[in-house]
Amino acid sequence: MAGQVAVLLWALETTAQEDREVKEILDKQSPALENLHQCLSWYLDTLNHASKYPYGYEALTFQITKDRKRLRGYEGLQTFLPQKEWMQISRAFALNRIIFMLYVEKTDLERRSFKIEKKSIARIRTLLEKRKLKLRCDLDSGKEGLVSWEPLHVLLAQ
């Protein structure tokens, strides 16, 4: 398998207003990313947390419930774009830094030498539930959100 793979959990979503602000920033500051709008997405987090995302990893991403007690579903494979500085939206809360990522397209997955199958996802879900949705790098922002991740090989070694 080429590259590093992680498992990532997240809770809570950006609001429509936050999404509009991020898109406005993208349009003004990053016209080079314009062609990526279809598969480009983002998380909002604190500046301290922003540097701790799984840059250099492809992440098998799962959403969890707001109360962080159950898995909602497998979202797909994301690639976290390297970032050294984080743009920010103007919201007054701490979760105002933008962490960009790309969803790996289905056609890209089909060209790979490995497959992400339902059986693999089911095994990962079982391991996550056994661990009560606790992963090594836990970026807990209180009621506003959570991103938690660790390398896949660490989770599978359990």
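Just so it is clear, the structure is predicted and the values come from calculations on it, not from any experiment. FYI, side chains are in, hydrogens and waters are out, and symmetry mates aren't considered; it's all heavy atoms of this structure.
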Nearest heavy-atom neighbours spanning [X] and [Y]:
{"X": "S51", "Y": "N48", "result": "OG-O, 3.2 Å"}
{"X": "L12", "Y": "G145", "result": "CD1-N, 3.3 Å"}
{"X": "S90", "Y": "E21", "result": "N-OE2, 2.6 Å"}
{"X": "P82", "Y": "Y55", "result": "CA-CD2, 4.2 Å"}
{"X": "Y103", "Y": "S41", "result": "CE1-CB, 4.1 Å"}

With Q78, the side-chain hydrogen bond (donor to acceptor under 3.5 Å, both in side chains) member among Y57, W10, Y43:
Y43
Any chance you could lay out the side chain to side chain contact (heavy atoms under 4.5 Å, CB included) test for D45 and S141, step after step, and finish with the verdict?
CA-CA 8 Å; D45 214 327; S141 297; 3.1 Å; yes
Quick one: which residue pairs count as a salt bridge (charged side-chain N to carboxylate O under 4.0 Å, His left out) with a foot in residues 75-90, not counting sequence neighbours?
none
Residues pairing under salt bridge (charged side-chain N to carboxylate O under 4.0 Å, His left out) where one sits in residues 60-72, two or more places apart or in two chains, turn out to be R68-D140
Would you say the side chain of [Y] lies within less than 4.5 Å of the side chain of [X], judging by non-hydrogen atoms?
{"X": "R97", "Y": "H49", "result": "no"}
{"X": "L44", "Y": "E144", "result": "no"}
{"X": "L95", "Y": "T46", "result": "yes"}

State whether the side chain of [X] and the backbone N or O of [Y] hold a donor-acceptor pair below 3.5 Å, judged by distance alone.
{"X": "Q83", "Y": "I98", "value": "yes"}
{"X": "E150", "Y": "L155", "value": "yes"}
{"X": "W149", "Y": "K52", "value": "yes"}
{"X": "Q4", "Y": "P151", "value": "no"}

Which value, rounded to the nearest 0.5 Å, describes the distance between [X] atom [atom1] and [Y] atom [atom2]?
{"X": "L127", "Y": "L133", "atom1": "CG", "atom2": "CG", "value": "11.5 Å"}
{"X": "L81", "Y": "L102", "atom1": "CG", "atom2": "CG", "value": "4.5 Å"}
{"X": "I89", "Y": "T15", "atom1": "CD1", "atom2": "OG1", "value": "7.0 Å"}
{"X": "L156", "Y": "I124", "atom1": "CG", "atom2": "CD1", "value": "6.0 Å"}
{"X": "S148", "Y": "I64", "atom1": "OG", "atom2": "CD1", "value": "7.5 Å"}

Restricting to side-chain contact (heavy atoms from CB on, under 4.5 Å), what partner residues turn up for I121, sequence neighbours left out?
F62, Y74, I116, R125
Would V154 and Y53 show up in the same hydrophobic cluster when neighbours are defined by side-chain heavy atoms closer than 4.5 Å?
no
Side chain to side chain contact (heavy atoms under 4.5 Å, CB included) between I99 and V147, intermediate numbers included:
CA-CA 11 Å; I99 296 92; V147 168; over 6 Å; no
Decide side chain to side chain contact (heavy atoms under 4.5 Å, CB included) for L128 and L71; before the verdict, give the C-alpha distance in whole Å, the side-chain angles of both, and the deciding distance to 0.1 Å.
CA-CA 9 Å; L128 290 170; L71 284 166; 4.2 Å; yes
In a check of side chain to side chain contact (heavy atoms under 4.5 Å, CB included) between L8 and each of T61, L135, L152, which one passes?
T61
Kindly determine whether L139 and L146 satisfy side chain to side chain contact (heavy atoms under 4.5 Å, CB included), including the steps that lead there.
CA-CA 6 Å; L139 308 175; L146 168 86; 5.9 Å; no
Count the heavy atoms belonging to other residues, nucleotides or ligands that lie under 6.0 Å from CZ of R136, then report whether that count exceeds 12.
no
